[in-house]
Amino acid sequence: VTVTGANGCNATDEIIVSVMDVRCGNNNKVLVCHNGNTICISPNAVPAHLAHGCTLGNCGDQIVSLPTEYELRDNYPNPFNPVTSIKYGLPFDSKVSIKIFDVVGREVAILVNNNQKAGYYTIDFNASNLSSGIYFYRMIAGDFVSIKKMVLVK
């Protein structure tokens, strides 16, 4: 690079530019180093990750896919007897609570109540001590709240 000053003097210096390809996955997702893991996220999630201390690019390890938003999936199987699986996803490290309630709103089980790292999770619910009927499961994580219905048939 050569720069000419106001007095007509020239100065030349060398600049090294490193170009990093942070593209990954489908739909032009972006590589981000998140808590020591390389993750592949949607571009609209990048500002929030950077605000939480993540950096662009690869951490040098295996790429881990993370959800782009909080999610709670339908349990499977449903109806079930006596065990069903519940899947959920966390785009950020979060305090997570997943509780089971009966049809009148009484809490009958606590499946999760702790801090968890961003990622996908599956938890099994064993309802062998409960009677047949309709139950609800509620997930709270960050500002996210979701409630789903399940049916226990014995």
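Heavy-atom basis, side chains included; hydrogens, waters and symmetry copies ignored.
In terms of heavy atoms, M139 sits closest to L90 at CE-CD2, 3.7 Å. Pairing each heavy atom of G119 with each of P67, the nearest pair is O-CG, 3.8 Å. Residues P47 and P43 come closest through the heavy atom pair CD-O, 3.6 Å. Smallest separation of non-hydrogen atoms from A48 and F92: CB-CZ, 3.6 Å. Shown here for L72 and S146, the closest heavy-atom pair between the two residues is CD2-O, 3.6 Å. For the pair L152 and S131, the tightest heavy-atom approach, listed with the atom from each and the gap, is CD2-O, 3.3 Å.
Within a 6.0 Å sphere centred on OH of Y76, other residues, nucleotides and ligands contribute 12 heavy atoms or fewer. The neighbour count for D143 CG, taken as heavy atoms of other residues, nucleotides or ligands under 6.0 Å away, does not exceed 12. With a 6.0 Å radius and a threshold of 12 heavy atoms from other residues, nucleotides or ligands, K154 has its NZ atom above the threshold.
Rounded to the nearest 0.5 angstrom, N75 CG and K87 NZ are separated by 12.0 Å. Of the inter-residue distances, the one linking M150 atom CE with Y137 atom OH reads 6.5 Å to the nearest 0.5 angstrom. Here the CD1 atom belonging to I98 is positioned 8.0 Å from the CD1 atom belonging to I100, to the nearest 0.5 angstrom. Separation of atoms CD (E107) and CZ (F136) is listed at 15.0 Å; rounding is to 0.5 Å.
With hydrogens and angles ignored, the 3.5 Å screen pairs no side-chain donor or acceptor of N81 with any backbone N or O of S132. Without hydrogens or angle criteria, T84 side chain to P77 main chain gives a donor-acceptor distance under 3.5 Å. Judged by distance alone, the side chain of D93 and the main-chain N or O of A118 form a donor-acceptor pair under 3.5 Å.
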What do the steps show when you test F125 against F80 for side chain to side chain contact (heavy atoms under 4.5 Å, CB included), and what is the final call? CA-CA 10 Å; F125 172 53; F80 67 100; 4.1 Å; yes
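Y70 and S94 are linked by a side-chain donor-acceptor pair at a separation below 3.5 angstrom, with hydrogens and angles left out of the test. Side-chain contact of K95 with N113: a donor-acceptor pair under 3.5 Å is present, judged by distance alone.
Put simply, the side chain of V112 does not reach to within 4.5 Å of the side chain of Y121, judged on heavy atoms. Two residues are said to be in side-chain contact when any heavy atoms from C-beta on lie closer than 4.5 Å; P82 and N126 meet this criterion.
Both I86 and L130 sit in one connected hydrophobic cluster of ILVMFWY residues. Membership requires side-chain heavy atoms under 4.5 Å apart, directly or through other members. Both V151 and V104 are part of a single hydrophobic cluster, where members link through side-chain heavy atoms under 4.5 Å apart. By the rule that hydrophobic residues join a cluster once side-chain heavy atoms approach within less than 4.5 Å of another member, F101 and V108 end up as members of separate clusters. There is no path of hydrophobic side-chain contacts, each under 4.5 Å, that joins I147 to F144. V153 and I134 fall within the same hydrophobic cluster, defined by Ile, Leu, Val, Met, Phe, Trp and Tyr side-chain heavy atoms under 4.5 Å apart, directly or through other members.
Below 30°, between 30° and 60°, or above 60°: for H34 and H49 the angle between ring planes is above 60°, a perpendicular geometry.
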